[in-house]
Structures are given as C-alpha cells and as structure tokens.
Protein chains: 2
Amino acid sequence: MTRPRTRIQQRNSETILEAALEVFSQHGFRGATLDQIAEVAGLSKPNLLYYFASKEAIHGALLSGLLETWLDPLRAMDPDGDPVAELLGYVRRKLELSRDFPRESRLFANEMLQGAPRIRAALEGELRDLVQEKSAVLQRWMDEGRLAPVHPVHLIFSVWALTQHYADFDVQVRAVLGGAKADPFPEAGRFLEVLFRRLLEP
Amino acid sequence: MTRPRTRIQQRNSETILEAALEVFSQHGFRGATLDQIAEVAGLSKPNLLYYFASKEAIHGALLSGLLETWLDPLRAMDPDGDPVAELLGYVRRKLELSRDFPRESRLFANEMLQGAPRIRAALEGELRDLVQEKSAVLQRWMDEGRLAPVHPVHLIFSVWALTQHYADFDVQVRAVLGGAKADPFPEAGRFLEVLFRRLLEP
DNA sequence: TCTGAAACTGACCAATTGGTCAAACCATCC
DNA sequence: GGATGGTTTGACCAATTGGTCAGTTTCAGA
C-alpha cells in the first residue's frame, strides 16, 4: 500500500474504504460486490479500480491495520499498574471500540467465521505472542495474590467475547432490550465492571 | 416445509441441508453458491432445486428450528431449582451446543452480522419474550438474596457471548492456544464455571 | 413384468460478477 | 492557450450466478 499522493487520491481512497467497510462488514468478502461498494461510495466501478487493483486489495487494505487497532488496548495494559484497575481499563477500552467502531468489529468477525483465511498468520504470530506476554503478566499478578486465580488466556478470551458481542450481535441486543431503550452501552459498561470486579478481586 | 415422503427424499433433503450448513455457515447467505452446496452434497445443481424451491428456501429451512435449538437450554432453566446451579447448568448446556454444533452457531452469527434480515421478527418476539420471562426469574432470585444482584438481561447476554465465542471464533481460540492444545472446551468449561460462580454467589 | 410416478440430468438462459480499456475529461503549470 | 498528467467513464468481456426445462433414468407397487 503506497500512500496517496494528491488530495483527490487521499479523499477518494478514504471514501472507497469507508464504503467498503460498510459493505464488507455486512456481507463478508464473498457476499460483497464491487457494484455495491461503488454505489455506496458514489463512484463508478472502474473508478474504484483506478484506486485499488482489485476487490481483494480493498479488503486487504481494510484488514491490515485492523488487528493493530484491535490489540492496542491490550498492549496498553501496564504490568506495573494495579491489576484489577488495569484489567478493568482494558475492558473499558475494548467496549469503547465496540461502541465506536462496530463495523470494524463485524469485519473482523466475518473474517473469523470464514476461518480467517487472510489473517491466520497474524493470529498465530503477532496476536498469539501478545496474548502469551500479557497472560504471563496476569499469571504473575495471580501468583502474587493480587488477582483471583483463573486461566489467564481464557480470561482474555472472555474480555473479547463480552465486549465484541455488543458490536457483532448489536441487532439481537437491541431486539431483546426493546426499541425504546436506545443505547445498551452504558448499562453494558456497568455490568462488565461488576462482572470482572467480582471475578478478579482476590 | 412439508415433511419428506419417501426414503430417498428423506436422505437427500438431509444431505442437502448438511452441505448447505457447511457452506452457509462459512460464507454467509450471499457468499454461498448453489454450485458449492451441490458439490459438497455430491448432487447436481438441478437436483438440489428438485428438493428445494430456491437458495432462499434451503437457507430458510436451516434457520427455522435453529432458534428453537438455541433457546431450549434457556427454557430448561427451572424457576424452582437452585439459582446458581440452574444458571451454571444453562452455561454448561450452551457451551455444549457450541462444541457440538459450531456450524449452526456460525450460521446464526452470520445472520446477526447481516442485521438478522430473516429472523428479526423472531428476535423481537419469541426470543425477547423468553428473555423477559427468565430475567424476571433471575431478578426474583436476586431479590431473595439467592443470587448476587446484576442486570439480569446483560447476564443472559454474557452467557451467550462467552459460550458462542468458542464456536464462532474457534480459529482464533485455537491459534492463540497453539495447535498442540487440541480441545479448548474442557478448560473453557472450568473457566466459565469459576467466572459465573464468583459473579453470582451471594 | 409392466406402469406410472419419482428422481435425475445436460443443455440452456438471463442477470450479475470482477475486471479491462480506449477514449474523454479536467486541473495545473509553462 | 497549449501541453501534460492525473482522473473519470461508457462500453465491453469472460466467468459465474440462480434458476428452468424437456427429456431420460430409476424405482416401487400391482
């Protein structure tokens, strides 16, 4: 991916990626079409392909960097901080990602459901390494008696599952809570804080 | 959906649905093709359409009944039983569904990611009603001091999120745990029991 | 064994798909 | 104003899509 040179390239690349995120996150890679993306972007199909070499290239541009955004909150967990506070902070940041970037979350979920054909390497490399590293920190905190002892990797899984659920299953969440209740996130935040506090406080 | 009459109809309908589950759960509705399903089923495409009127019809046949299977474990939660035991039982049954029917879980997840166009009515009706009913039971248990007080609907969400994660994000789970570790489910079961026990015991 | 219905197929169709290309457009700088 | 290079598009293509249909094969029961 070379950086856009001109102002027009900058603007149109962004417009295309924005439209593609909308379409890919809803229909997955195979289910999305260039015509749909072009229509959402308000550009002609050949014009899309002037900026990106192929459908694959657009999808790839979206995925690359997504894992980074996804892992940043975990990276930010400070080994020298207060254990419970650090983990609650991680949960809060992850939930904010679900609230503010639900389409990115769904794009990621789609990739997982398909067996992660395009990012499996990153999962087994970068992701795995970071989880191992942070698990060691969690384990140390548990050994020191500053955190209740639970399986650290599954603990991280639980943070992912509980936070991403509010983005990926947004329709279901809102259907169950009823249309009136507008925003499920404040209550979700309070619930998750109680959950992890009770789980982790020694 | 009329019941299959002959033995051949019985067998081929099942073969088709089995193949369709495989394909739909991986690629979603739009991403799946009849040719793929036909190939997996080992039947010709016109033959598929001899048994099902359309691609939609196959997908619909899979979805209908899925919600039932999905809700049964929640229905089985006994209002007269022991609160913590009942909820842990629900978690266990739901996790077993994830382990034994991961493709069904992914089919459901795909539908959610697309905004649940085909089952929204059921979500806002049947699903919502059952959740409301069981939430009332949970709330009563909390009022009686037999369960720690948390938001009951979000508690149910947390069961869904934590259990379905192991089916829907299976690739990620296994990538992080490393290929050697074969089956994540036993450890997941123990982790979830600890989690919900600590969260809910008064 | 015969017969009628059920099961199956190759050939086909119109629409949609990702992608190409030559030609046109447009902004800027000399 | 003309030259130049980035930008845009209509027309087009081969492949794939969901679906049809006329006809053939297979099967169960009399």
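The sequence lines fix the lettering, A, B, ..., with proteins before strands; numbering per chain opens at 1.
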Item to check | B/S54 side chain, from C-beta outward: closest of D/dT7, D/dG19, D/dT17 | outcome: D/dG19
Checklist entry - For A/A32, which contact category applies under a 4.0 Å heavy-atom criterion: base, sugar-phosphate, or nothing? => result sugar-phosphate
Checklist entry - Heavy atoms under 4.0 Å, any strand shown: does A/R30 hit a base, just sugar-phosphate, or nothing? => result sugar-phosphate
Checklist entry - Can you tell me how far C1' of D/dG18 sits from CG of B/N47, to the nearest Å? => result 16 Å
Checklist entry - At what distance, to the nearest 0.5 angstrom, does CE of B/M112 lie from CZ of A/R106? => result 11.5 Å
Checklist entry - Would you find more than 12 non-hydrogen atoms of other residues, nucleotides or ligands less than 6.0 Å from B/F185 atom CZ? => result yes
Next on the checklist: Looking at every non-hydrogen atom in both residues, tell me the closest pair between B/K134 and B/I156 and how far apart they are.
Outcome noted: CB-CD1, 4.4 Å
Checklist entry - Is there side-chain contact between B/R103 and B/E18, with heavy atoms separated by less than 4.5 Å? => result yes
Item to check | Donor/acceptor link under 3.5 angstrom from B/K45 side chain onto base of D/dG18 | outcome: yes
Item to check | A/K55 NZ to D/dA15 C1', straight-line distance once rounded to whole Å | outcome: 14 Å
Checklist entry - Which pair of heavy atoms, one from A/S135 and one from A/V153, lies closest together, and at what distance? => result OG-CG2, 3.4 Å
Item to check | Spacing of B/R7 atom CZ relative to C/dA5 atom P, expressed in whole Å | outcome: 20 Å
Checklist outcome for this item: Here the distance between atom P of D/dT26 and atom OH of B/Y50, to the nearest Å, is 15 Å
Checklist outcome for this item: Regarding the side chain of A/N12, the nearest nucleotide among C/dC8, D/dT17, D/dT8 is D/dT8
Item to check | Whole angstrom value for the distance that separates P of D/dT17 from CD of A/Q36 | outcome: 16 Å
Checklist entry - Which is true for A/L49 with a 4.0 Å heavy-atom rule: it touches a base, it touches only sugar-phosphate, or it touches nothing? => result base
Next on the checklist: For A/S44 and B/P46, find the nucleotide of DNA chain D closest to each by heavy atoms; which residue's nucleotide sits nearer the 5' end?
Outcome noted: A/S44
Checklist entry - Can you tell which of C/dG19, D/dT17, C/dT9 lies closest to the side chain of A/L34? => result C/dG19
Checklist entry - Between C/dT17, D/dT7, D/dG18, which nucleotide has the shortest distance from any of its atoms to the side chain of B/T33? => result D/dG18
